[in-house]
Amino acid sequence: MDACLSEDDVKMMAACIRLDRDCANICFTAVEFMSSNSQFSAQICELCAQICEACGAECAKHEADHCKRCAEACRRCAKECRSMASMAA
């Protein structure tokens, strides 16, 4: 998100920045739910996977190296979240 805010055309990065923020927030939330052994961990992890996929898809639209790295990290995170969701279910 910080790297996107440093781009010349920040307005063009608005959707990416919003999704970066949402992705970071849901990842932190998923960790908290899993750490507390919440009965809702599976649902939160599935939602986390969906948001990570959306963020990765948006980041992949941009040519900046930081966006490409973010897209790959989001895809890996979505995969891990789905794995966690299946274990928590």
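Heavy atoms only: backbone and side chains are in, while hydrogens, waters and symmetry mates are out. What you are looking at is a predicted structure, and each value in this text was computed from that prediction instead of being measured.
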(request) Enter the distance from Phe33:CZ to Leu47:CG here, rounded to the nearest 0.5 Å. (result) 10.0 Å
(message) What's the separation between atom CG in Asp22 and atom CD in Gln50, rounded to the nearest 0.5 Å?
(response) 13.0 Å
(message) Taking the side chain as everything from C-beta on, heavy atoms only, tell me whether Lys68 gets closer than 4.5 Å to Glu63.
(response) yes
(message) Are Glu46 and Cys81 packed together at the side-chain level, in the sense that at least one heavy-atom pair is separated by less than 4.5 angstrom?
(response) no
(request) Identify the heavy atoms of Met84 and Cys45 that sit nearest to each other, and give their distance. (result) CB-SG, 3.9 Å
(request) Give the intermediate values and the outcome of side-chain contact (heavy atoms from CB on, under 4.5 Å) for residues Asp20 and Cys55. (result) CA-CA 6 Å; Asp20 287 343; Cys55 186; 3.2 Å; yes
(request) Any chance you could measure Cys59, atom SG, to His66, atom NE2, to the nearest 0.5 Å? (result) 8.5 Å
(message) Would Glu72 and Arg69 count as a salt bridge (charged side-chain N to carboxylate O under 4.0 Å, His left out) here? Give the steps.
(response) CA-CA 5 Å; Glu72 180 55 35; Arg69 289 191 317 267; over 6 Å; no
(request) Indicate yes or no: at least one non-hydrogen side-chain atom of Ser38 is less than 4.5 angstrom from one of Ile44. (result) no
(request) Take Arg82 and Glu53 through the test salt bridge (charged side-chain N to carboxylate O under 4.0 Å, His left out) and record every step on the way to the result. (result) CA-CA 11 Å; Arg82 288 233 157 71; Glu53 286 174 349; 2.4 Å; yes
(request) Report, as yes or no, whether the 6.0 Å neighbourhood of atom CG on Asp65 holds more than 12 heavy atoms from other residues, nucleotides or ligands. (result) yes
(message) If I compare all heavy atoms of Gln39 with all of Gln43, which pair ends up nearest, and what's the gap?
(response) O-OE1, 3.7 Å
(message) Once rounded to the nearest 0.5 Å, what's the spacing between atom OG1 of Thr29 and atom CD1 of Ile26?
(response) 5.0 Å
(request) Hey, could you give me the NZ/SG distance between Lys61 and Cys67, rounded to the nearest 0.5 Å? (result) 11.5 Å
(request) Decide whether Met34 and Phe28 are clustered together by the hydrophobic rule: side chain heavy atoms of Ile, Leu, Val, Met, Phe, Trp, Tyr closer than 4.5 Å, transitively. (result) no
(message) With a 3.5 Å distance limit and no angle check, can you tell me whether Ser36 reaches the backbone of Glu32 through a side-chain donor-acceptor pair?
(response) yes
(request) Quick one: closest heavy-atom pair of Ala71 and Ala60, and the distance? (result) CB-N, 3.8 Å
(message) Nearest 0.5 angstrom please: Cys48 SG to Glu80 CD, how far?
(response) 11.0 Å
